[in-house]
Chemist: 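Quick one: structure below, then a few questions.
Keep in mind it's a predicted model, so treat the numbers as computed, not measured. For the numbers below, each heavy atom of this structure counts, side chains included, while hydrogens, waters and symmetry mates do not.
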Amino acid sequence: MRGNASQIKVHYKGKDEDFVVFADSAKAVKDWKADKSIPVAQVVSGYKVFVTHKHGNQGIMDSASNSALDNEFGTHRDDDVVVQILEKGTIIESEEHGRNGVTNITMGGSVNH
């Protein structure tokens, strides 16, 4: 994964689960909210809905099951669910700092010389 790439999520806190979809940009989501004629495909980074098992917008993200989507949104059609999350959710912007591991373990006290 490349470093310094911003990651835009739209987080929706449901009754039983937290749902997340990934968006291309915060501006795209805001523009779509103001003008619904913009295709949703130009806003989201895929029609995949994730659940975080009540860990907010962080933690391990698993694919949302059809039953979880039905219970929360009344449908499990990805198109309808993504639209509801975009309308009611909160935009979360974060920056991923990739490549932050140890680059040379022979330098330092972790290896006997």
Chemist: How long is the gap from CD1 on I92 to CD on Q7, to the nearest 0.5 Å?
Modeler: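 Here the interatomic distance stands at 11.0 Å.
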
Chemist: Looking at residues at least two apart in the chain, or sitting in another chain, which of them share a side chain to side chain donor-acceptor pair (under 3.5 Å) with T90?
Modeler: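 None.
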
Chemist: What pairs of donor and acceptor atoms, side-chain ones from residues 36-44 against any protein atom, are under 3.5 angstrom apart with sequence neighbours left out?
Modeler:
{"unit_1": "S37", "atom_1": "OG", "unit_2": "D35", "atom_2": "OD1", "d": "2.7"}
{"unit_1": "S37", "atom_1": "OG", "unit_2": "D35", "atom_2": "OD2", "d": "3.2"}

Chemist: List the residues meeting side-chain contact (heavy atoms from CB on, under 4.5 Å) with K88, not counting sequence neighbours, and say none if there are none.
Modeler: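 By the side-chain contact (heavy atoms from CB on, under 4.5 Å) rule, K88 matches Y12, Q84.
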
Chemist: Just to verify, what does D24 make a salt bridge (Lys or Arg N to Asp or Glu O under 4.0 Å) with, not counting sequence neighbours?
Modeler: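 Residues passing salt bridge (Lys or Arg N to Asp or Glu O under 4.0 Å) with D24: none at all.
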
Chemist: Please enumerate all residues that pass salt bridge (Lys or Arg N to Asp or Glu O under 4.0 Å) together with D18, with sequence neighbours excluded.
Modeler: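 K13.
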
Chemist: For D80, enumerate each residue passing the side-chain contact (heavy atoms from CB on, under 4.5 Å) test, keeping only those at least two apart in sequence or located in another chain.
Modeler: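 Result, side-chain contact (heavy atoms from CB on, under 4.5 Å) vs D80: T75, R77.
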
Chemist: My understanding is that only residues two or more places apart in sequence, or in another chain, count here; which of them pass ring-ring contact (aromatic ring centres under 6.0 Å, His included) with Y47?
Modeler: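 Y47: no ring-ring contact (aromatic ring centres under 6.0 Å, His included) contacts found.
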
Chemist: Under the side chain to side chain donor-acceptor pair (under 3.5 Å) test, which residues partner N71, sequence neighbours left out?
Modeler: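 Applying side chain to side chain donor-acceptor pair (under 3.5 Å) to N71 gives none.
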
Chemist: List in chain and number order the residues that pass ring-ring contact (aromatic ring centres under 6.0 Å, His included) with F50, two or more places apart in sequence or in another chain; answer none if no residue qualifies.
Modeler: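 Checked F50 against ring-ring contact (aromatic ring centres under 6.0 Å, His included); matches are F22.
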
Chemist: Taking only residues two or more places apart in sequence or in another chain, which ones pass side-chain contact (heavy atoms from CB on, under 4.5 Å) with A64?
Modeler: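 Result, side-chain contact (heavy atoms from CB on, under 4.5 Å) vs A64: F19, V49, V51, L69.
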
Chemist: Quick one: salt bridge (Lys or Arg N to Asp or Glu O under 4.0 Å) partners of D62, sequence neighbours excluded?
Modeler: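 Salt bridge (Lys or Arg N to Asp or Glu O under 4.0 Å) list for D62, sorted by chain: empty.
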
Chemist: Take F73 and V82 through the test side-chain contact (heavy atoms from CB on, under 4.5 Å) and record every step on the way to the result.
Modeler: CA-CA 10 Å; F73 301 103; V82 167; over 6 Å; no

Chemist: With sequence neighbours excluded, tell me which residues meet salt bridge (Lys or Arg N to Asp or Glu O under 4.0 Å) with K33.
Modeler: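 Salt bridge (Lys or Arg N to Asp or Glu O under 4.0 Å) check on K33 returns nothing, list empty.
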
